[in-house]
Amino acid sequence: MSIWRVLWHLIRYRPRLYAINVALWGMFWVLPLVTGLIVREIFNVVSAGAQAGSSVWTWIALLVATTTARITVNTSGAYVWTTYRYTLAALLRGNLLERILHRPGARPLPFSSSEAMSRFRDDVDELTALVEWAVDGAARWSAGSGQSP
């Protein structure tokens, strides 16, 4: 099975959690741009180049609001990602164990028990890291950032 097919199956396992992750991390990457625009407007107001109706305090309030939003999005994103990651890890480990238990009773595993433990730990961690990279990549792409994760 190709890695892209595995990734697609993992994303499809909980597509709603994946979409929420992408949306939250996309907002996380966009909010610094909004903060930069607000800081620009603060400097415009201070330098007397402001449009009618805006004041320094309005822009400072917006700056505090976007900073609060970014903290909230980061906290929510971390919670949703943790839920998603451990759900996927439980699925993968459960599938590994189920496969081992479906072997005929007298047949041992074709590799050592320490290698089996390594697969339960490391291989599952690598696959969840792949999904994390997919979330970050999709979030940055949706945010319009051309930077690599």
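FYI, the numbering just counts along the sequence from 1.
Within the 4.5 Å cutoff, the side chain of Y84 has heavy atoms near those of the V131 side chain.
The CG atom of D125 sits 6.5 Å away from atom CG of D122, with the distance rounded to the nearest 0.5 Å. Here the CH2 atom belonging to W59 is positioned 10.5 Å from the OG1 atom belonging to T66, to the nearest 0.5 angstrom. One finds the CD1 atom of I42 at 10.0 Å from the CH2 atom of W57 (value rounded to the nearest 0.5 Å). Here T58 contributes atom OG1 and L63 contributes atom CG; the two are 12.5 Å apart, rounded to the nearest 0.5 Å. Interatomic distance, F28 CZ to I71 CD1, rounded to the nearest 0.5 Å: 10.0 Å. Within the model, atoms CG of L92 and CG of L10 stand 5.5 Å from one another, a figure rounded to the nearest 0.5 Å.
E98 pairs by the side chain to side chain contact (heavy atoms under 4.5 Å, CB included) definition with N95, H102, not counting sequence neighbours. In this view, T75 satisfies the side chain to side chain donor-acceptor pair (under 3.5 Å) rule with no residue, not counting sequence neighbours. Residues satisfying the side chain to side chain contact (heavy atoms under 4.5 Å, CB included) test with R119, not counting sequence neighbours, are F111, E115, D123. For the side chain to side chain contact (heavy atoms under 4.5 Å, CB included) test, residues two or more places apart in sequence or in another chain that qualify with I3 are L127, L130. For R12, the side chain to side chain contact (heavy atoms under 4.5 Å, CB included) test picks out W8, H9, with sequence neighbours left out. For R121, the salt bridge (Lys or Arg N to Asp or Glu O under 4.0 Å) test picks out no residue, with sequence neighbours left out. Every residue was checked against the salt bridge (Lys or Arg N to Asp or Glu O under 4.0 Å) condition with R40, not counting sequence neighbours, and none meets it. R70 is linked by a side chain to side chain donor-acceptor pair (under 3.5 Å) to nothing, counting only residues two or more places apart in sequence or in another chain. The side chain to side chain donor-acceptor pair (under 3.5 Å) test applied to T82 returns no partner, not counting sequence neighbours.
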Anything under 3.5 Å between a donor and an acceptor, one on a side chain of residues 13-21, the other on a protein residue two or more places apart or in another chain? List them.
from: Y18; atom 1: OH; to: A134; atom 2: O; distance (Å): 3.2
from: N21; atom 1: OD1; to: W81; atom 2: N; distance (Å): 3.3
from: N21; atom 1: ND2; to: L17; atom 2: O; distance (Å): 3.0

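Criterion: ILVMFWY side-chain heavy atoms under 4.5 Å apart, direct or through other members. Under it, V80 and Y86 are not part of a common hydrophobic cluster. L37 and L62 fall into different hydrophobic clusters, where Ile, Leu, Val, Met, Phe, Trp and Tyr side chains are chained together by heavy-atom contacts under 4.5 Å. Cluster annotation: L101 is connected to V124 through the hydrophobic network of ILVMFWY side chains, with a link wherever side-chain heavy atoms come within less than 4.5 Å.
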Practice task
Show your reasoning for whether side chain to side chain contact (heavy atoms under 4.5 Å, CB included) applies to D136 and V22.
Solution key: CA-CA 7 Å; D136 286 342; V22 169; over 6 Å; no
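Residues T83 and T87 share a closest heavy-atom pair of O-OG1, 2.6 Å. Nearest heavy atom pair, residue L97 against residue F120, reads N-CZ, 3.7 Å.
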